[in-house]
Structures are given as structure tokens and as C-alpha cells.
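Okay, so here's the structure we're looking at.
Start at 1 with the first residue, then count along the sequence.
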Amino acid sequence: MTAKMFRTLLPMALLFTMMSCSSDSESDAEFVNKSVSTALVENYEYDSTELELVNLINSHRQSLNLPTLQPINHISYKSEEHNAYMIQNNVVNHDFFNERSENLIQVLGAVRVSENVAYNYNTPEAAMNAWLNSPGHKANIEGDFTHFGISVSVNPETGRKYYTNMFIKK
């Protein structure tokens, strides 16, 4: 009788154990799934660093007689997600850009998408100067875009800042 009960309860115990365990960090697949979600994110709280970068980018564009770009909260949210990915994985890259781009095409009707990232610049001015000294990043800032979003996130363990700036044309 005890052996029979054990055989019955063991699979249930294993199932319960497997269902109750979860990772403290998100997997790459979960980041991708967030990026392709078609829900429009309307709320985003900009901090002073992000607002300064918005102003620096638009001031630079105005100095070249280019139209200013309008911030969109959804783009900033997607940028923030990418910062979280980079912090979690201790990388600076454009991983899953295609998924973020596709999200902005589907959700916002973008016809073109581009992205700048930066790492470990203490001030918005320093990040902006680095982008302007890089031909590819500068081309994005000065490109034929209509809207953008920006996120600056701080790694809580190192204090280093991660920047993601995405541009779209509608």
C-alpha cells in the first residue's frame, strides 16, 4: 500500500516542483516576446538625463535646419527594455533589434527604424558627443526620421549607465 501511494504521489510532487520553480532573470526568449507584443505602451516616465538627451538631439537637428523629432513613449519603453536586456546580460549591443523594429512597425506604423546605443557615459552630453563622433550614430541622429524614444538605465550593481535611442519615420 505504501509503495502504491508513493508511486501515485511522486509524479504529482515532481510536477508541483517543476511548476513552482522560476528563474530570477528573464530569458532571451522572454525579452523577444516583450519586443514583439503589439500592445501600445502609452506611459513612460522620463528622468532628467533622458529629457536632456531629447533636448540635445533636437537642438543638434535644429542647428542643421532639420525638423525636430517628437518623442513617443512606446519607443522609449522599447528602448528601456533593451537597456534591461543589456544590463542583465552584461553586454552592449543591438541584439533583437529586428524584433524591436518589427514591433515599432506593427504598433506605430513606422516605415523606417534605427537605433543608437551607448554605455558608461556619465552625462547626456558625453553620450551625445560620442554619438556625433561616430559616423553611423551621427547619421541616425541627423537622419530622415519623424519620431524617437530614449532610455537611460543605470546598472544597480555597477552604477554604469546604458543608453538606447531609437528613431522611426512614420
Original post:
CD1 of Ile75 to CG of Leu104: how many Å apart, nearest 0.5 Å?
Top reply: 5.5 Å

Subject >> Pairwise distance CD1(Ile168) to OG(Ser114) - rounded to 0.5 angstrom >> reply: 12.0 Å

**OP:** For residues His137 and Trp131, report the shortest heavy-atom separation together with the two atoms involved.
**Re:** CB-O, 3.3 Å

Subject >> Under 3.5 Å: donor-acceptor pair, side chain of Asn73, backbone of Val41 >> reply: no

**OP:** Kindly indicate, with the supporting measurements, whether the criterion side-chain contact (heavy atoms from CB on, under 4.5 Å) is fulfilled by Met128 and Ile141.
**Re:** CA-CA 9 Å; Met128 181 69 172; Ile141 291 170; 4.0 Å; yes

Original post:
What are the two closest non-hydrogen atoms of Asn93 and His82, and how far apart are they?
Top reply: O-NE2, 2.7 Å

Original post:
Between atom CZ of Arg160 and atom CG of Asn90, what is the distance when rounded to the nearest 0.5 Å?
Top reply: 9.0 Å

**OP:** Check the pair Phe167, Glu115 against side-chain contact (heavy atoms from CB on, under 4.5 Å), reporting the backbone distance first and the verdict last.
**Re:** CA-CA 6 Å; Phe167 304 86; Glu115 175 178 86; over 6 Å; no

**OP:** Mind listing the closest non-hydrogen atom pair of Val91 and Tyr162 along with its distance?
**Re:** O-CE2, 3.5 Å

Original post:
Do the side chains of His147 and Leu108 get nearer than 4.5 Å, heavy atoms only?
Top reply: no

Original post:
Do Ser151 and Tyr163 meet the criterion of a side-chain donor-acceptor pair at a distance under 3.5 Å?
Top reply: no

Subject >> Main-chain N/O of Lys170 paired with Thr146 side-chain donor or acceptor, under 3.5 Å >> reply: yes

**OP:** Please step through side-chain contact (heavy atoms from CB on, under 4.5 Å) for the pair Asn165 and Phe148, ending with a clear verdict.
**Re:** CA-CA 7 Å; Asn165 179 205; Phe148 71 145; 3.6 Å; yes

**OP:** Verify, without hydrogens or angle tests, whether Arg100 (side chain) and Asp95 (backbone) share a donor-acceptor contact under 3.5 angstrom.
**Re:** yes

Original post:
Taking it one step at a time, do Glu142 and Arg61 satisfy salt bridge (Lys or Arg N to Asp or Glu O under 4.0 Å)?
Top reply: CA-CA 6 Å; Glu142 297 175 357; Arg61 289 179 61 87; over 6 Å; no

Subject >> Stepwise side-chain contact (heavy atoms from CB on, under 4.5 Å) test for Arg112 and Asp144 >> reply: CA-CA 9 Å; Arg112 184 173 348 147; Asp144 183 22; 3.6 Å; yes

Original post:
Donor-acceptor pair, Asn58 side chain versus Thr68 backbone, under 3.5 Å?
Top reply: no

Original post:
Where do His60 and Leu132 come nearest, in terms of heavy atoms and distance?
Top reply: NE2-CD2, 3.6 Å

Subject >> Value rounded to 0.5 Å, distance of CG in Asn155 from CD1 in Ile87 >> reply: 5.0 Å

**OP:** For the residue pair Thr164 and Glu80, establish whether any side-chain heavy-atom pair is separated by less than 4.5 Å.
**Re:** no

Original post:
Between Tyr121 and Tyr119, is the ring centre distance below 6.0 Å?
Top reply: no

Original post:
Roughly how far, to the nearest 0.5 Å, is the CZ atom of Phe145 from the CE atom of Met166?
Top reply: 10.0 Å

Original post:
Any link between Ile72 and Ile105 through a network of hydrophobic side chains (Ile, Leu, Val, Met, Phe, Trp, Tyr) touching at under 4.5 Å?
Top reply: yes

Subject >> Co-membership, hydrophobic cluster, residues Tyr77 and Leu51, 4.5 Å side-chain >> reply: yes

**OP:** Please report the shortest heavy-atom distance between Lys161 and Thr49, naming the atom on each side.
**Re:** NZ-OG1, 4.1 Å

**OP:** Kindly give the heavy-atom pair with the smallest separation between Glu50 and Glu45, and that separation in Å.
**Re:** OE1-O, 3.8 Å

**OP:** Please determine, by modelled atom types, if His74 and Asn103 share a side-chain donor-acceptor pair under 3.5 angstrom.
**Re:** yes

Subject >> Residue pair Ser153 / Asn83, side-chain donor-acceptor N/O under 3.5 Å >> reply: yes

